[in-house]
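Let me begin by presenting the structure, written as C-alpha cells, before commenting on it.
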Amino acid sequence: MSSSYDPNAVEGPIFESWVAGNYFGSEIVDGVRPYSVVIPPPNVTGSLHMGHALNNTIQDVVIRRIRMTGRPARWVVGTDHAGIATQNKVEQKLTAEGLSRYDLGREKFVEACWEWKAEYGSTIINQLKAMGCSCDYDDIWFTMDPSYQKAVRRVFVDWFDAGLIYRGKRIINWCPRCTTALSDIEVEHEDVDSHLWHLRYPLKEPVAGIDHVIVATTRPETMLGDTCVAVHPEDERYKDLIGATVVLPLIGREIPIVADDYVDPSFGTGAVKVTPAHDPNDFEIGERHDCAKINVMNADATISGEGGAYAGLDRYEARKRIIADLEAAGLLVGIDDHVHSVGHCYRCHTVIEPWLSDQWFVDMKPLAAPAIDAVRDGRVTFHPKRWENVYFHWMENIRDWCISRQLWWGHRIPVFYCDACGNMEAALDDITTCSKCGSSSIRQDEDVLDTWFSSQLWPFATFGWPEPDPRVDYFYPTAMLSTARDILFLWVARMIMSGMYFNEGQIPFDDVIIHPTVFNAEGKRMSKSLGTGVDPLDLMDHYGADGMRFGLMLQVTGAQDLKFSEEKLVSSRNFANKIWNASRFVLMNLEGYEPGEPVANTVADRWILSRLADLSARVSEGLDTYEFGEVARLLYDFFWSEFCDWYIELSKARLNCGDAASRLAVQRNLVFVLDRALRLLHPIMPFVTEEIWRNLPLPESERAASLMIAAWPDPAELAGFVDEGAERSVSRLIEVVSGIRGVRARYQLPPKQQLEVVFKTAGDAEREWVESEFAAMARLAGVGSFEAGVGVDKPAHSATVIASGLEVYVPLEGLVDFDAEAARLAKERDRLSGDLGKLEKKLSNEGFLAKAASEIIEKDRARAAELAEALALVEAQLADLS
RNA sequence: GGGCGCUUAGCUCAGGGGGAGAGCACUUCCUUGACGCGGAAGGGGUCAGAGGUUCAAAUCCUCUAGCGCCCACCA
C-alpha cells in the first residue's frame with residue numbers, strides 16, 4: 001500500500017467490481033418490502049452540477065446504508081427529455097449552422113433531438129458512476145421511452161375522459177423567444193425599476209363638463225388593444241362617466257367606460273385601461289362587460305396587424321414610439337417611477353408576455369385535495385418539516401395547470417380533431433378515422449405536453465406502468481425522494497397528486513428530503529452560465545469522489561442554503577487519507593494475527609469499544625433522521641480524534657511488547673474497530689472503505705464479497721460494549737497526558753527526553769488507579785517513569801499539572817521560569833475561580849435547588865467540588881512559587 | 001402584502017434550556033517506524049441588538065436591524 005491514498009487509481013476498478021458483482025439490485029424478493037428510490041431525472045442535456053452532486057450523494061448514502069441492512073434496495077436512474085431546455089439546445093446548434101427548426105420541419109427536427117439525446121444522453125449517467133452512485137444501471141429510463149410514452153398517453157386520456165383536462169382560450173404566460181406557453185410556476189418574477197405612464201384618453205362627447213379620463217399603465221404598448229376603460233362603481237369622480245365613450249388615442253377606436261369592482265380607486269387615477277387580450281385581470285373585466293379581446297401581438301412579441309401603424313415593431317420599440325406619439329399629441333400626462341414585478345421565462349429569461357391563446361389545462365383542485373390530506377396526516381413526511389407549510393400554501397391555492405407547449409420536442413398531445421364533424425377525442429393509439437362520423441379528415445393536436453406532465457409520472461412509469469408489471473406492485477410506493485426546493489411545486493407536488501390518482505390513492509413516497517440549495521462563497525446561486533459554478537468532476541479530480549461526497553455531507557444541515565466550502569473538501573480528502581493510513585498501520589501490524597472476537601483486556605480496549613457502540617447508535621439514528629452533517633461529523637471525530645489519536649497510539653506499545661497474547665488482543669480490537677468503522681463510513685465514502693475492507697482479515701462469518709453488501713453494524717449488538725466507567729477513566733487519562741504534554745511544549749523539552757513524574761493523589765484508591773492505568777498511557781506523554789503517592793512532596797524545580805483532580809509534578813532540570821509558571825497558574829486560578837463563583841452562586845440559589853432536576857444539581861455539585869479542589873491545588877502551587 | 005431561512009472564533013459553519021465547538025487560517029514545537037493530505041501544544045468569541053419567559057437563555061417567546069429566499073392577478 002502506498003503511503004497516501006490515490007483515489008484516481010482506486011475508484012475505477014472498484015466501481016467496475018461493483019458492476020461485475022451485480023450489487024445494484026433490481027430483483028424482486030418475495031415477501032420482503034424493498035427500499036426503492038427514484039432519482040430526480042436530470043435533464044438529458046445536462047451534466048453534473050453541484051446540486052446533483054449533493055442530491056445524489058444524499059440518495060446514495062441512504063440507499064447504500066439500507067442495502068447493508070440486507071433489505072432489497074433499488075435506486076432507479078434515468079434522464080428527462082426536458083422539452084424546452086433540449087429544444088433550445090438543438091435550436092442553438094442549428095442556428096450555428098445557419099438553420100432554424102422551420103428549415104428542417106417538425107419530423108426532421110425531432111430526429112435531430114433524438115440524435116442529440118443519443119450523443120449527450122449518457123453524459124450524466126457516466127458522471128453518476130464516477131461519483132459512485134449505486135443506481136440500477138441495468139434499467140435506465142428516459143421520459144420518452146416507448147413504455148413511458150404509453151404512460152403519458154394513458155394519463156392524458158384518463159384525465160381527459162374524467163373531465164380533468166380541458167381546452168380553453170385563456171391569458172397564459174407566453175415566452176416570445178421560446179414561442180410557447182408556460183405554466184404559472186415556470187415564470188420567474190423579478191422586481192424591475194420601471195415607470196407608470198399616465199395617459200389622457202379623450203371622451204367622444206364631454207360629460208358633465210369632463211372631456212377626458214386619465215389612465216395609468218406600466219405597459220403603454222398594450223393600449224393598442226384597449227377595449228374599455230374601467231372605474232370603480234362607487235368612485236364619485238367618475239360616476240357620471242360610466243357608460244360614456246372614449247376615443248382610444250392613436251387608434252381611434254371608440255370604447256366604453258365601464259364600472260367594475262376590481263378597480264382600486266386609490267391606485268393611480270382610479271381609472272384603468274383594459275386590454276383583455278394581454279392581461280389576466282383585464283381579461284376578467286372584459287368577460288364581465290362583454291368587451292372585445294383584441295390581440296395586438298404576434299407570437300414573437302412584435303405588434304400584430306391590429307396595431308395599426310405600429311404593426312411589425314418589436315414590443316419595446318412600439319412602446320417607445322407610442323409614448324413619443326402620445327407626448328406629441330399632448331396626451332402623455334406624466335411619468336412616475338414605479339417598481340413592479342416582471343415575469344421572465346425560467347429557461348431563457350426573456351420577459352414573459354401575458355397572451356391570449358388556446359391552450360390545454362388540468363383542473364387541479366380535485367387532484368390536490370387528497371394530496372393535501374396525505375401530507376396533513378403524515379403519510380408523506382417532509383424533511384425538514386417546515387417545507388410542509390410551503391406545500392400546503394401552494395396546494396390550497398392551486399390554480400389550473402397549463403400543460404400545452406408550442407414546441408416540437410416532447411409528448412405530442414393525444415387529441416384528434418375531425419375536420420368533417422368537429423369531433424375532438426383523446427386516444428391511447430393514434431386514430432385515422434373519426435369515431436363519430438367516420439371521416440378520415442383527422443388531424444392530431446400540434447402541441448406537446450409540458451415536460452413536467454411526464455416527469456410527474458416518474459415514480460410509477462419507471463416500473464412499467466400502465467402495463468401490468470410486477471415491478472409496480474413491488475417497488476411502488478418508493479421510500480424516499482430527495483430533491484431541491486425549487487422543484488417542490490413543479491415536480492414533487494404533482495408526483496403526489498398523479499401518483500395517488502393512478503395508484504388507488506397510494507402515495508408515491510414516504511419521505512421527501514428537501515436538501516439545501518448550493519450557493520457559492522459569495523452567496524450567489526451556483527450556475528454555469530453565471531460563471532459562479534464549480535464542476536464536481538474537477539472536485540473529484542482534486543479530492544476524490546469520497547472527498548467530495550464527505551465534504552458535501554459535512555455541509556448538509558437543516559438550513560435552506562448551503563454556502564459551498566471547498567475547505568471542507570480539503571479536510572475530507574485528508575480524512576480519506578487518514579483512513580487509508582490508519583488502515584495501513586493496522587494491516588502492517590498483523591503478523592501473528594488470528595481472526596477472532598475483540599478482546600477487552602484493558603481500559604483502553606473497553607473505552608474504544610464503548611465509543612464504537614455509541615458511534616454506531618448515533619450514526620444509525622442520524623441516517624434515519626437524514627442528519628447527514630451530524631453523521632459525517634460523528635464519523636470524522638470518532639475515527640480521527642478517538643481511534644487514531646488515542647487507540648492506535650496506545651496500541652503501538654502493546655503490538656511491540658513481546659507478549660503474544662496481548663499483541664493478538666490488540667490486533668483483534670484494531671481489526672474489529674476498523675472493520676465496523678469502515679462499514680459505518682462506507683455509505684458516505686464508498687471507494688476508500690471498499691478498497692481497504694477487502695484486505696481486512698476478518699473472521700469467516702464477518703466476510704462478504706463486497707463492503708457494499710456487508711452487514712451494517714447493528715447498534716443493538718454493539719450496545720453490550722457500552723462501558724461508562726471505561727469512558728470516564730480514559731477521559732481522565734487523556735486529560736493528564738495532555739497536561740503533561742502541555743508542560744513539554746511550554747518548556748520546549750527535547751522530544752526524546754523521558755520524564756519522571758510524580759502524582760499526588762487524593763487517596764489510596766486514586767493512587768492505585770494511577771498505578772494500574774497510567775502505565776499504558778505514559779509513553780504518549782513521554783513519561784519514562786512515574787510514582788504516585790498520597791502525601792508525596794513536590795520535587796524541586798518542577799512544573800505542576802492539575803488535571804482531573806490529580807496533581808502531577810513534572811521535574812525539570814534547571815527549571816524554572818518561575819514568573820512564566822506563576823503567570824500561567826494565575827491565569828488558571830482566575831479561570832477556575834470565575835467558573836467556581838458562577839457555579840456556587842447557582843448552587844446557592846434556592847429556586848435552582850427547588851426546581852432543577854436532581855441529576856443537574858448533583859452534576860453541578862460534583863463539578864463545584866472538582867473546581868474547588870483544582871482551585872486549591874493551583875493556589876497552593878502559586879503560594880509555593882512566591 | 002404574506003411567509004421562510006440566516007446572523008456563534010479572522011474565514012466557512014455545527015450546536016439548540018444547565019460546563020462556548022469543528023474545519024481552515026494563525027503562533028510555538030516535532031524529519032517520533034501509519035499518515036507533513038501528519039503529530040503535539042496554544043492564542044482567539046458580551047453566540048446581531050433590545051425586551052420577556054425561566055431557578056437557569058447562545059438555545060424558547062416578542063420586537064428591531066442587516067442579509068438571502070419563496071409565494072401573491074403590486075393597472
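Chain letters run A, B, ... following the sequence lines, proteins first and then strands; every chain starts at 1.
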Given 3.5 Å as the limit, does a donor-acceptor pair link the side chain of A:Q555 with the main chain of A:S565, or not?
yes
How does each nucleotide of nucleotides 24-40 of chain B score, in 5' to 3' order, for protein heavy atoms under 4.0 Å: base (B), sugar-phosphate only (S), or none (-)?
S---SSS---BB-BSSS
I'd like to compare against my own output: the B/S/- annotation of nucleotides 67-75 of chain B with a strict under-4.0 Å heavy-atom distance to protein.
-BS-S-BBB
Nearest 0.5 angstrom please: A:E566 CD to A:R573 CZ, how far?
10.0 Å
On RNA chain B, compare the nucleotides closest to A:D860 and A:R386; which residue's is nearer the 5' end?
A:R386
Please confirm whether A:K578 makes a cation-pi placement over A:Y636, using NZ or CZ under 6.0 Å from the six-membered ring centre and within 45° of the ring normal.
no
For A:H340 and A:D191: C-alpha separation, side-chain torsions, deciding distance, then whether side chain to side chain donor-acceptor pair (under 3.5 Å) applies.
CA-CA 5 Å; A:H340 70 134; A:D191 277 350; over 6 Å; no
Partner of A:D860 under salt bridge (Lys or Arg N to Asp or Glu O under 4.0 Å), picked from A:K842, A:K841, A:K838, is A:K842
Given the P atoms of B:rA25 and B:rA40, what is the spacing between them in whole Å?
15 Å
Using atom P in both nucleotides, what's the gap between B:rU59 and B:rC47 to the nearest angstrom?
10 Å
Rounded distance in Å - CG (A:L562) to P (B:rG5)
17 Å
Is it true that, when you exclude A:R633 itself, more than 12 heavy atoms of the residues, nucleotides or ligands shown sit nearer than 6.0 Å to its CZ?
yes
Keeping A:T222 on the side-chain end and A:H278 on the backbone end, is there a donor-acceptor pair under 3.5 Å?
no
Can you tell me how far C1' in B:rG43 sits from the matching atom in B:rA58, rounded to whole Å?
22 Å
Secondary structure of RNA chain B per the Watson-Crick/G-U criterion (both distances under 3.5 Å; [ ] crossing, | other strand, . unpaired) is (((((((..((((....[..)))).(((((.......))))).....(((((..]....))))))))))))....
